[in-house]
Structure formats: C-alpha cells, structure tokens
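Working notes, structure below.
Order of appearance sets the numbers: ligands from 1, and atoms from 1 within every ligand.
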Amino acid sequence: MKKRTFGATGAIILLLTVILCSCAKSEPHSASFQSMDTLMTVKVYGGDSDLCDRLQQRIAELDAQLDATDENSEINQLNQKGTAKVSDDTADLIGRSLQLSGELGQAFDITVYPAVKAWGFPSGDYHIPTDEELKKLAARIDDTAIKSDHHTFTLPEGAMLDLGAVAKGYAADQCDTILKEGHAAAAVLNLGGTIRLYGKKPDGSRFSVGVADPDNPAGYFGYLSCDGGTVATSGGYERYFEKDGKRYIHILDPTTAKPVENGILSVTILCDDGTAADALSTALFVMGLDKATEYYRSHRDFDFIILTDDHSVYLTEGVYDEFTLCDGYDFHLKKVDR
Ligand code: ADP
Ligand code: MG
C-alpha cells in the first residue's frame with residue numbers, strides 16, 4: 001500500500017515535471033542591455049540556451065567597431081586619420097551604405113558627421129551653426145567622394161563618417177546568422193527602435209509591433225501585425241533639443257546640413273533587409289511625404305507608415321490592413337496605393 005502511494009506520487013511529480021518543462025520550452029529566453037547608445041531587448045524562442053548572450057556579444061562587437069564617438073572604434077580612427085584599413089563588418093557596412101545612398105539620392109549620406117557634430121548631437125553640447133557655417137558643412141557632405149581599395153577607405157579632406165542611421169539595422173541582419181547557427185525557432189530583437197522579427201513563434205501567432213507615439217515615446221499609437229522582417233522607426237522625438245521654442249531634431253537634410261522640418265513626426269519601415277529598413281526610415285523622413293510616396297511607388301520591396309503632425313497616418317498597401325490604431329487616438333489612416 002505504502003509502495004503504491006509512493007508510485008502514484010512519483011508519477012504525479014514526473015507528470016508535473018514534463019508539463020513544466022514543455023511550458024518552459026515555449027517560453028522565450030530574454031535579455032536587456034545597453035548598446036549602440038540605446039536600450040535593447042532580445043527575446044529568443046527555442047534553440048541554444050546561451051543565444052541571448054551571443055546576440056549581446058555580437059552587437060557589442062559591432063558597436064565597438066562602428067561607434068563614431070568611441071575613440072577606439074574603426075570609424076573614429078578612419079575619421080581622425082582620413083584613411084584606414086577596417087574589418088570585414090565595417091567594410092561591409094560602409095559598402096552597403098554607399099550602395100543605399102546611391103539609390104536614395106541626397107536624402108541619405110554617411111558623411112553627415114561633421115554637421116551632426118556641429119549641431120552638438122553626439123556630445124549633447126547643442127549649438128545652432130551660423131548660415132555661413134551651414135553652407136560650408138553642407139558643401140562637405142558627399143559620400144560619392146569616398147575612395148576604397150578592398151578594406152582600406154580614404155575620406156575626402158574634412159569628411160567624417162557616421163553610420164548611426166544604419167548600424168542597428170545592420171546589427172539586426174547580423175543577428176540572423178547567430179539565430180540560425182543556434183537553431184532558434186523565433187526571436188524578437190528590439191534594438192532600440194529597430195525591431196527584427198525572426199522565424200515562427202511556437203504558438204503559431206503572428207508578430208505584433210507597437211509604433212511609438214511621438215508625444216509619449218514609451219507608449220504606442222498603433223500596432224502592426226506581421227509575419228517577419230525588420231521594422232525600423234526614425235522619429236524626431238528620439239533625439240532633439242529646443243531653443244527659443246523651436247525644436248531641432250537629429251535627422252539632417254544633407255543638402256542644407258540642417259535638421260529636417262517637413263511636418264513628419266515618424267517614419268516606420270517594414271522590410272526583410274534590416275540595413276535597408278534602417279536607411280529607408282532615415283531617408284524617407286528627409287524626403288518628406290510626397291517624395292517618400294514617389295520612392296515607394298518605384299521600389300516595391302518595402303512598406304511604410306508615416307505619421308505627420310496633422311495626425312494623419314499614411315500606410316502603404318502591404319501594411320494598411322495589418323495596422324490597428326490604439327483606443328484614444330483620433331488619427332486619420334490613409335492608404336497609399338502602388
Ligand atoms: P536612430 O538612430 O535614432 O534610430 P536614425 O536611424 O534615423 O535614428 O538615424 C539617425 C542618425 O543618423 C543621426 O543621429 C545621425 O547620426 C545620422 N544621420 C542624420 N541624418 C542623416 C542622413 N540624412 N543620412 C544619413 N545619416 C544621417
Ligand atoms: Mg535609420
């Protein structure tokens with residue numbers, strides 16, 4: 001009798017262990033950390049148990065190479081010396097950026113750094129340059145003048161690179177390799193406004209991504225439902241300063257070296273390619289609504305959600321039916337056709 005009771009208890013314990021283990025398996029591993037000057041959160045379903053650590057290490061490695069403000073980074077060394085041999089990653093990202101810059105025209109240029117510095121964005125020591133300074137700064141923005149020989153890059157006189165507009169998207173793409181190698185089933189990587197949606201969630205549900213409310217960036221004005229890809233948002237609210245009641249944002253128009261002021265509050269891009277998503281979010285912000293719409297109509301491999309200061313939300317065909325406005329937001333949703 002005693003023996004049978006023990007057997008029944010053992011069976012119950014075994015059953016509970018199996019249930020708990022299978023629940024634990026569908027629960028994601030997650031980690032939050034500071035990198036690329038922002039808070040990142042990674043959530044991984046299935047695969048090796050150390051995947052979150054490996055993702056964090058890979059992003060930290062990229063940050064150490066790409067951060068223009070870090071004196072030891074490859075980009076900082078290139079900016080200081082004017083010429084430098086760089087690693088595979090850095091060469092790869094400069095190459096991709098130049099290719100994207102060629103497609104995006106004057107809205108996107110990785111030689112904006114002297115202008116970004118002149119406004120004081122990296123240091124937080126803000127300053128409004130004079131018209132004369134701005135003219136000189138704008139004249140120096142030209143990434144077509146960068147020379148390369150394999151991994152050695154040479155910058156034109158006075159030029160400095162800033163990969164801030166693409167680094168997080170590139171990091172998102174690089175994380176795919178780690179997730180594949182570690183056999184992850186799915187992952188949601190929030191790299192500070194650039195969100196990589198990888199694989200298929202174990203419960204079969206779709207991914208849902210909040211789009212930040214520029215008036216309250218910790219909250220969302222709506223949700224986008226999707227099956228994967230990268231969702232990158234650029235917003236004036238992310239970094240800015242105010243002087244005499246006027247707001248100066250960290251996204252600059254390369255033709256004027258001035259912060260963009262065109263009625264756009266945020267641009268969200270959905271695209272499979274993370275580097276492209278990140279470059280597009282910055283570039284379409286600079287282009288403004290009409291040119292961004294034109295660009296979308298001639299390039300079919302991405303979707304956008306553009307929020308303007310009159311509370312209109314412009315959504316392209318691929319995301320219009322997948323977007324849900326949150327309660328309490330009296331925004332007008334407008335469909336952008338192909
Ligand atoms: P965030 O980094 O806040 O997510 P973005 O991806 O839009 O935002 O990148 C903005 C950063 O890119 C700026 O802080 C600056 O370093 C750089 N940048 C600003 N304007 C441009 C531009 N027109 N082209 C390329 N890089 C830019
Ligand atoms: Mg960007």
What are the atoms of ligand 1, with element, lying closer than 4.0 Å to any heavy atom of Asp278? 6 (O)
The protein heavy atom nearest to atom 16 (O) of ligand 1 is Asp162 OD2, 2.4 Å
Using 30° and 60° as the class limits, which term best fits the ring planes of Phe331 and Tyr329: parallel, tilted or perpendicular? perpendicular
Is it true that Arg140 and Glu157 have a side-chain N and a carboxylate O under 4.0 angstrom from each other? no
Could you name the option among Gly169, Ala165, Ser97 that has the heavy atom nearest to atom 11 (C) of ligand 1? Ala165
Can Asp37 and Arg239 be said to form a salt bridge (Lys or Arg N to Asp or Glu O under 4.0 Å), step by step? CA-CA 11 Å; Asp37 204 21; Arg239 194 163 301 177; 2.9 Å; yes
Side chains of Asp109 and Thr111: donor-acceptor distance under 3.5 Å anywhere? yes
What verdict does the salt bridge (Lys or Arg N to Asp or Glu O under 4.0 Å) test give for Arg54 and Asp48, after you've listed the backbone C-alpha separation in whole Å, the side-chain angles of each residue and the deciding distance to 0.1 Å? CA-CA 10 Å; Arg54 277 154 61 192; Asp48 299 345; 3.2 Å; yes
Hey, can you tell me if Phe241 and Tyr126 have their rings parallel, tilted or perpendicular (30° and 60° cut-offs)? parallel
For a side chain to side chain contact (heavy atoms under 4.5 Å, CB included) check, start with the C-alpha distance between Phe221 and Cys326, then their side-chain angles and the critical distance, and finish with the verdict. CA-CA 5 Å; Phe221 72 88; Cys326 290; 5.7 Å; no
Contact between Pro254 and ligand 1, counting heavy atoms under 4.0 Å? yes
Closest candidate by heavy atom, reference atom 27 (C) of ligand 1, pool Val112, Ile110, Val286: Val112
Applying side chain to side chain contact (heavy atoms under 4.5 Å, CB included) to Val267 and Thr233, what does each step give before you reach the verdict? CA-CA 6 Å; Val267 175; Thr233 298; over 6 Å; no
Counting heavy atoms only, which of Asp37, Thr255, Leu252, Asp109 comes nearest to atom 25 (C) of ligand 1? Asp109
Is it the case that one hydrophobic cluster holds both Tyr45 and Val231, taking links as side-chain heavy atoms less than 4.5 Å apart, direct or via other members? no
Does the side chain to side chain contact (heavy atoms under 4.5 Å, CB included) test come out yes or no for Phe323 and Tyr223, once each step is laid out? CA-CA 6 Å; Phe323 184 80; Tyr223 284 88; 6.0 Å; no
Spell out the protein N/O/S atoms under 2.8 Å from the Mg ion (ligand 2) as residue plus atom name. Ala165 O, Asp278 O, Asp278 OD1, Thr282 OG1
Of all the heavy atoms in His250, does at least one lie under 4.0 Å from an atom in ligand 1? yes
Suppose I only count heavy atoms of Phe108 and a 4.0 Å limit; which atoms of ligand 1 are within that range? 24 (N), 25 (C)
Just need the protein heavy atom nearest to atom 7 (O) of ligand 1, so name the residue and atom and give the distance. Ser234 OG, 2.6 Å
Among all protein heavy atoms, pick out the one at the shortest distance from atom 5 (P) of ligand 1; state its residue, atom name and that distance to 0.1 Å. Thr282 OG1, 3.3 Å
Proximity to ligand 1 by part of Ala107, non-hydrogen separation under 4.0 Å: backbone
Under a 4.5 Å cut-off applied to non-hydrogen side-chain atoms, are Tyr296 and Leu284 in contact? no
Check: Glu74/Thr90 side-chain N/O donor and acceptor closer than 3.5 Å: yes
For atom 1 (P) of ligand 1, what is the closest protein heavy atom, and at what distance to 0.1 Å? Glu238 OE1, 3.2 Å
Locate the shortest heavy-atom distance separating Gly192 from Met40; write the atom from each residue and the value. N-CG, 4.3 Å
shortest atom 4 (O) of ligand 1-to-protein heavy-atom contact is with Lys168 NZ, 2.9 Å
Under 4.0 Å from one or more heavy atoms of Ile251, ligand 1 contributes atoms 7 (O), 19 (C), 20 (N)
